[in-house]
Amino acid sequence: MDEMPKQTRAVNTSTLKSTAEMRLKNFMHEVTGRALVMMESATQHQHGIAMDLVQEAFIALHKSYSEKSTEEWYPLFYTILNSKLQDWRRKEARRNQPFSFFKKINLDDDDIEQQNIVDDNTPNPYAFLDQEATAEEIQAAIAQLPVRQQQAFMLRAWEGFDVQTTAQIMNCSEGSVKTHYHRAIQALRSTLAHMNPYSGESSP
């Protein structure tokens, strides 16, 4: 059998590249907003840093996983983004702690598993909006959480990932995800208690 003409192969390669770039553009349009909210909370509202982390994650995704399906991109993207965030946090911790290069930096002091936690049903964050909360109030409440709790909550509630996938993205155990998520839910309920988002009633 004759080999495929070079010109045809070139056209096919160009078409595949164009398709991948279009898929990435659509994917970026869909997830950038949520990813930025997550990174801005994790970096204490440093918009420039948050934007850089998100952009670097997109570049790495396209460079290494352009052939993957769009569905596969979701956990891959957030895994890359989490890695970028942890690298940034380590650099910041070392910069802010003189002589810290002599010891291991532990970013996850709250990464302790609680036993027998029943995983909360993943709430729709926008359910808060059915009461009196605004998007800004919800984001402010999330920003008060420790970073790992922010990640667990937003990956589970905003992105809808299950516990197993969230654990893979965060590079921790499923028990840790449940612990972080449980603590995040408890803290958010407390912070937004005046709205009673789960009871359907507003406090006076």
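Side-chain atoms are counted along with the backbone in the values below, which use heavy atoms only and exclude waters and symmetry mates. Predicted, not measured: the structure shown is a model, and the values here were computed from it. Residue numbers run from 1 in the order of the sequence given.
- A pairwise comparison of heavy atoms in Val147 and Ala42 identifies CG2-O, 3.8 Å as the closest pair.
- For Phe77 and Tyr65, the distance between ring centers is not under 6.0 angstrom.
- Ring geometry, Phe153 versus Tyr181: the interplanar angle falls under 30°, so the pair is classed parallel (tilted spans 30 to 60°).
- Going from atom CG of Leu81 over to atom CG of Leu61 covers 10.5 Å, rounded to the nearest 0.5 Å.
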Pair Val31-Trp73, side chain to side chain contact (heavy atoms under 4.5 Å, CB included): steps then yes or no: CA-CA 11 Å; Val31 304; Trp73 275 354; over 6 Å; no

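- Remark: the backbone N or O of Thr79 is not paired with any side-chain donor or acceptor of Ser83 at under 3.5 angstrom.
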Test side chain to side chain contact (heavy atoms under 4.5 Å, CB included) on Phe27 and His62; report intermediate values, then the result. CA-CA 11 Å; Phe27 179 77; His62 188 248; over 6 Å; no

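- Using a 4.5 Å heavy-atom cutoff, the side chains of Gln151 and Arg148 are in contact.
- The distance from the CD atom of Glu92 to the CD atom of Gln44 is 9.0 Å, given to the nearest 0.5 Å.
- Rounding to the nearest 0.5 Å places CG of Leu188 at 8.5 Å from CD of Gln149.
- Contact between Ile80 and Ala60 at its shortest, heavy atoms only, is CG2-CB, 3.9 Å.
- For the residue pair Thr166 / Arg156, no side-chain donor-acceptor distance below 3.5 Å is found, with atom types taken as modelled.
- Remark: Gln139 CD to Gln150 CD distance equals 11.0 Å, nearest 0.5 Å.
- In this structure, OG on Ser66 lies 9.0 Å from CD on Glu21, to the nearest 0.5 angstrom.
- The shortest heavy-atom contact between Met39 and Ala50 is CB-CB, 3.6 Å.
- Under the rule for a side chain to side chain contact (heavy atoms under 4.5 Å, CB included), the partners of Gln164 that lie at least two apart in sequence or sit in another chain are Asp162, Gln168, Glu174.
- For Glu159 and Tyr78, the side-chain atoms include at least one donor-acceptor pair closer than 3.5 Å.
- Looking only at side-chain heavy atoms (C-beta outward), Ile142 and Trp158 come within less than 4.5 Å of each other.
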Would you sort out whether Asn82 and Leu155 count as a side chain to side chain contact (heavy atoms under 4.5 Å, CB included), showing the intermediate values? CA-CA 11 Å; Asn82 175 68; Leu155 289 170; over 6 Å; no

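- Under the 3.5 Å distance criterion, with hydrogens and angles disregarded, a donor-acceptor pair is assigned to the side chains of Arg89 and Gln86.
- In this structure, Thr179 contributes its side chain and Gly175 its backbone to a donor-acceptor pair below 3.5 Å.
- Atom CG of Leu145 and atom CD1 of Ile185 lie 9.5 Å apart (nearest 0.5 Å).
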Run Arg34 and Met154 through side chain to side chain contact (heavy atoms under 4.5 Å, CB included) and show every step you take. CA-CA 9 Å; Arg34 298 193 302 274; Met154 299 186 78; over 6 Å; no

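- Side chains of Gln46 and Trp88 form a contact here, defined as non-hydrogen atoms less than 4.5 Å apart.
- For Glu40, the salt bridge (Lys or Arg N to Asp or Glu O under 4.0 Å) test picks out no residue, with sequence neighbours left out.
- With respect to the salt-bridge test (charged N to carboxylate O, under 4.0 angstrom), the residues Asp87 and Lys84 do not qualify.
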